[in-house]
Amino acid sequence: MTVIVSGSRVHSRLLGELLASQLGLKLFSVEGRRFPDGEIYVRIIGDIRGEDVVVIQSMEPPQNDALVELLLIVDALVELGVRGITVFTPYLPYARQDRVFLSGEPVSVRVFLKALRVLGVERLVVVEAHSERALSYFQGEVINVNPLPYMAKIRGFTSDTLVISPDLGGIGRAVSVAKAIGARSDYIVKRRDRITGGISMELGSLDPSGFDVLIVDDIISTGGTIAEASRMLLERGARSVQVLVVHNLNLPGALEKIRKAGVLKVTTSNTIPQPDIDFLDVIDITPLIANILVKWLR
Ligand code: R5P
């Protein structure tokens, strides 16, 4: 049989409950606590020897704690003698450091994905992992779920919307959304200074005047990318700007920065816990994941 094991943090448990009830599977929660020196302790209570296990670990900040806990959970499952391990990390941290940009840097996401594989994880399921390159470092089966077309459709964005990626690297996301709603897509040219982290943008020949624009991206971190893109689009005559993003990291000040730049609303998913505020529209993407997991249930 297949069972679900969720990490000890609140959002991991919540996602675990949602998926377990949609799939009719038994859910085991991890007992997690800290040693006095801050080290993480986990224990999985229950008889799951010989079972196939889907581990659900939410990776919102502080993501380093979530990472260490996940590695410990996988090792505990191997010790318990489970049959197979699938890991579902709705948001994959460190994915943006998927290469050496400046000499002397690590390929951070590779470290984490290699560790999971070496420990015995067979299959990895993630939601919008920033780049295929990031996932190429996992030498097992990988499923990268793009929830943006689903999100755009259920919120009823229409074919007269202009769908914009804030950089060339994200054009595939904008195209996938545009296709789903029968709209046009385009992109902004963004450059990032790898030393200071600062960004500069150019609209080039892109003409948003008169359009209701939907900016589509994988992640809001500081909010700088979306805020700058929105400002430029409105200055160039866009009628309105909304945002559709998979992961909102919910860092202090980011949404406010985006709101002040003139964005009407941000639509995001529940890969990461979200605050309950009017400016933010949160879509549950667990039905999409349940549809994928159901294919492997034994
Ligand atoms: C960049 O490649 C990503 O797709 C996002 O656009 C970026 O990481 C967002 O970061 P921030 O919100 O800090 O501008």
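Numbers for residues simply follow the sequence, beginning at 1. The figures here come from the full heavy-atom set of this structure, side chains too, leaving out hydrogens, waters and symmetry mates. All ligand and atom numbering here is 1-based and tracks the order in the structure.
Side chain of Arg173 to backbone of His130: a donor-acceptor contact under 3.5 angstrom is found. When atom types are taken as modelled, the side chain of Ser12 and the backbone of Ser58 share a donor-acceptor pair closer than 3.5 angstrom.
Using a 4.5 Å heavy-atom cutoff, the side chains of Ile188 and Leu206 are in contact. No side-chain heavy atom of Arg83 sits less than 4.5 Å from a side-chain heavy atom of Glu51.
Ligand-side atoms of ligand 1 in range of Arg96: 8 (O), 10 (O), range being under 4.0 angstrom from any heavy atom. Close contacts between ligand 1 and Gly224 involve ligand atoms 12 (O), 14 (O) [criterion: under 4.0 Å to a heavy atom]. The atoms of ligand 1 that sit less than 4.0 Å from any heavy atom of Gly223 are 11 (P), 12 (O), 13 (O). Within ligand 1, counting atoms from 1 as listed, the ones closer than 4.0 Å to a heavy atom of Lys190 are 1 (C), 6 (O).
Contact check on Arg34 versus Asp65 returns a salt bridge, with a Lys/Arg side-chain nitrogen under 4.0 Å from an Asp/Glu carboxylate oxygen.
Between the choices Thr225, Val245, Ile226, the shortest heavy-atom distance to atom 14 (O) of ligand 1 belongs to Thr225.
With a 4.0 Å cut-off on non-hydrogen atoms, Lys257 does not touch ligand 1 at all. Within the 4.0 Å heavy-atom criterion, the part of Asp218 lying near ligand 1 is the side chain and not the backbone.
With hydrogens left out, the protein atom closest to atom 6 (O) of ligand 1 is Asp217 OD2, 2.6 Å, a heavy atom. His130 CE1, 3.3 Å is the protein heavy atom nearest to atom 2 (O) of ligand 1. Ile219 O, 3.5 Å is the protein heavy atom nearest to atom 9 (C) of ligand 1. Nearest protein heavy-atom contact of atom 10 (O) of ligand 1 is Ser221 CB, 3.7 Å. Ranking protein heavy atoms by distance to atom 13 (O) of ligand 1, first place goes to Thr222 OG1, 2.6 Å.
Tyr41 pairs by the ring-ring contact (aromatic ring centres under 6.0 Å, His included) definition with Phe35, not counting sequence neighbours.
Nearest heavy atom pair, residue Ile272 against residue Asn248, reads CG2-O, 3.6 Å.
In the displayed structure, Arg99 atom CZ is contacted under 6.0 Å by more than 12 heavy atoms of other residues, nucleotides or ligands.
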